[in-house]
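Because the structure is predicted, anything quoted here is derived from the model rather than measured. Letters A, B, ... are given to chains in the order of the sequence lines, protein chains preceding strands, and every chain is numbered from 1.
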Amino acid sequence: MKPKKNSTDFLHIGHKIQTWYSKNARDLPFRNTKDPYKIWICEIVFQQTRIAQGLGHYNRFIERFPDVKTLAEANENEVILHWKGLGYYSRAINIHKASKQIMTEFSGIFPSDYDDILTLKGVGKYTAAAVSSICFGERRAAVDGNFYRVLSRIFADDFDVSQTNAFSYFSELAFLIMPENAGDFNQAMMDLGSEICRPKNPDCGNCPVNDDCLAFALGKVSEFPVKTKKVKVENHSLKYYFVHRNNQFIIQQRGDDDIWKKLYEFLPEISSELVPFIKNAKTVNHKLTHRNLSIEIFDVEINSDLVWNEIISNKNLIVSDFEDSQKRSFPKPLENYIQNTLKD
DNA sequence: AACTCGGGGGC
DNA sequence: GCCCCAGAGTT
């Protein structure tokens with residue numbers, strides 16, 4: 001059962017959140033700017049990513065690519081290198097594409113209109129709302145996981161956040177409490193959701209709106225938000241051949257149609273002539289959100305120049321070494337393997 | 001509407 | 001082990 005939500009009854013909640021934010025805002029590098037480029041980058045970096053995890057990447061990214069033009073003129077592999085270890089690598093590829101889009105379609109000026117921002121690669125409803133509200137004063141709710149959590153608890157609303165229309169539903173709820181400044185409100189909701197209204201162990205005692213929170217009054221905070229779609233984890237196995245000779249090893253670049261888009265990897269298979277060169281194998285386990293990977297890595301030591309030269313004559317393969325590999329983005333387990341193998 | 005995309009951290 | 005994190009694109 002949902003309480004009837006009339007339009008003007010809840011505005012004081014947003015004002016309390018705003019007041020709390022003015023005193024308790026987190027000190028973050030993108031907080032004292034309205035540069036749409038920097039806000040855009042930070043919104044992409046922090047999609048599905050904790051602040052603590054992404055801060056270093058954000059700072060390095062902005063330092064190397066301080067504006068749209070610099071980013072658009074950069075090599076895609078260097079952009080992906082700056083995403084190394086962050087995951088969801090299509091974000092890096094799309095950021096790069098979008099920067100070129102801004103150069104060609106918007107004359108290098110970051111678009112100020114919500115619908116224009118929405119046309120950028122990798123920018124969806126959330127990011128377009130965040131950038132347009134924070135940087136250009138548009139009245140949009142940047143509905144993310146924090147909004148789902150805070151609003152579902154305040155209103156004890158059991159709307160399933162895994163439904164496709166959850167964004168528009170909670171956007172309407174957000175407007176019930178949103179003060180004049182949507183940009184500040186959006187950021188306030190993120191900090192409240194992160195610092196107080198946490199997924200587990202919420203700090204309700206220090207919440208500025210605990211008096212207004214229906215879930216808190218009912219003692220049912222832990223029951224919100226409601227999410228029916230569960231994450232399914234499957235086991236998956238991979239094989240790699242670490243083909244090497246004299247501190248050099250063979251790698252190739254992945255495609256963009258699978259996990260680890262455009263990252264580098266060892267050889268997934270070798271010709272039968274190379275089988276006799278296999279020395280040993282070790283298995284590395286790696287957990288992803290949707291898969292448990294078991295990666296078997298065969299050590300293939302080539303002790304013949306003739307064979308080695310035959311291998312590296314293949315133009316699709318890359319001869320790498322430790323120093324070269326540091327300038328490329330590898331999947332985490334393969335990066336670890338390189339570290340562990342070459343430090344001996 | 002369902003599926004896919006990473007890696008890290010909290011409990 | 002399970003869930004979540006400043007979500008978006010594809011099918």
Tell me what [X] touches on the nucleic acid: a base, only sugar-phosphate, or nothing, going by heavy atoms under 4.0 Å.
X	answer
A:His290	base
A:Phe147	nothing
A:Arg31	base

Legend entry - Aromatic centroids of A:Phe298 and A:Tyr241 separated by under 6.0 Å: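 When the ring centroids of A:Tyr241 and A:Phe298 are compared, they turn out to be within the sub-6.0 Å range.
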
Legend entry - Under 3.5 Å on both distances, the Watson-Crick or G-U partner of B:dG6: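 By the stated definition (distances under 3.5 Å), nothing pairs with B:dG6.
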
Let's see if you can work this out: which of [options] has an atom nearest to the side-chain heavy atoms of [X]?
X	options	result
A:Thr127	B:dC5, C:dA8, C:dC3	C:dA8
A:Lys261	B:dC5, C:dA6, B:dG6	B:dC5
A:Leu288	C:dA6, C:dG9, B:dG6	B:dG6
A:Lys229	B:dC3, B:dG10, C:dA6	B:dC3

Legend entry - Side-chain donor/acceptor of A:Thr289 to base of B:dG7, under 3.5 Å: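 Answer yes: a donor N or O sits under 3.5 Å from an acceptor.
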
Inset, instruction - Answer yes or no: side-chain N or O of A:Tyr126 and base N or O of C:dG7 forming a donor-acceptor pair under 3.5 Å. - result: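 Checked by distance alone, the answer is no.
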
Below 4.0 Å: OP1/OP2 of [N] and any side-chain N or O of [X]:
X	N	result
A:Lys332	B:dG8	yes
A:Arg291	B:dC5	yes
A:Tyr89	B:dG7	yes

Legend entry - Which residue lies more 5' along DNA chain C, comparing A:Lys287 with A:Gly193 via nearest heavy atoms: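 Final value for this comparison: A:Lys287.
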
Legend entry - Passing option when A:Phe242 is tested against A:Val300, A:Leu267, A:Asp299 for side-chain contact (heavy atoms from CB on, under 4.5 Å):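 Option passing the side-chain contact (heavy atoms from CB on, under 4.5 Å) with A:Phe242: A:Asp299.
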
Legend entry - Parallel, tilted or perpendicular: rings of A:Phe136 and A:Phe110 (30°, 60°):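 Taking A:Phe136 first and then A:Phe110, their aromatic rings lie parallel (interplane angle under 30°).
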
Inset, instruction - Look at the aromatic rings of A:Tyr169 and A:Phe159 and report parallel, tilted or perpendicular, splitting at 30° and 60°. - result: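 It falls in the parallel class, under 30°.
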
Inset, instruction - Taking all heavy atoms of A:Lys121 and all of A:Ala98, pick out the closest pair and write down the distance. - result: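 Shortest heavy-atom contact: O-CB, 3.7 Å.
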
Legend entry - pair A:Val284-A:Asn336: side-chain heavy atoms closer than 4.5 Å: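 The answer is no; the side chains never approach within 4.5 Å.
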
Legend entry - A:Gln187 CD - C:dA6 C1' separation (whole Å):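 Going from A:Gln187 (CD) to C:dA6 (C1'), I get 10 Å.
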
Legend entry - Distance in angstrom units between A:Leu293 CG and B:dG6 P, rounded: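 Answer to the nearest Å: 10 Å.
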
Legend entry - Pairwise C1' distance for C:dC3 and B:dG6, with rounding to whole Å: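 To the nearest whole Å, 15 Å.
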
Inset, instruction - Could you list by number each residue of residues 42-68 of chain A showing a heavy-atom separation from DNA chain B of less than 4.0 Å, or answer none if no residue does? - result: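 Those residues are A:Gln48, A:Thr49, A:Arg50, A:Gln53.
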
Inset, instruction - Let me know which of A:Glu335, A:Gln252, A:Arg328 forms a side-chain hydrogen bond (donor to acceptor under 3.5 Å, both in side chains) with A:Tyr264. - result: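 With A:Tyr264 as partner, side-chain hydrogen bond (donor to acceptor under 3.5 Å, both in side chains) holds for just one option, A:Arg328.
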
Legend entry - Nearest-nucleotide comparison on DNA chain B, the residue closer to the 5′ end among A:Asn201 and A:Trp260: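 The residue closer to the strand's 5' end, by nearest nucleotide, is A:Trp260.
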
Legend entry - Residue whose nearest DNA chain B nucleotide is more 5′ - A:Ser162 or A:His286: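 The answer here is A:Ser162.
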
Inset, instruction - For the pair A:Gln101 (side chain) and A:Thr119 (backbone), establish whether a donor and an acceptor sit closer than 3.5 Å, ignoring hydrogens and angles. - result: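 Indeed, once roles are kept as given, a pair shorter than 3.5 Å links the two residues.
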
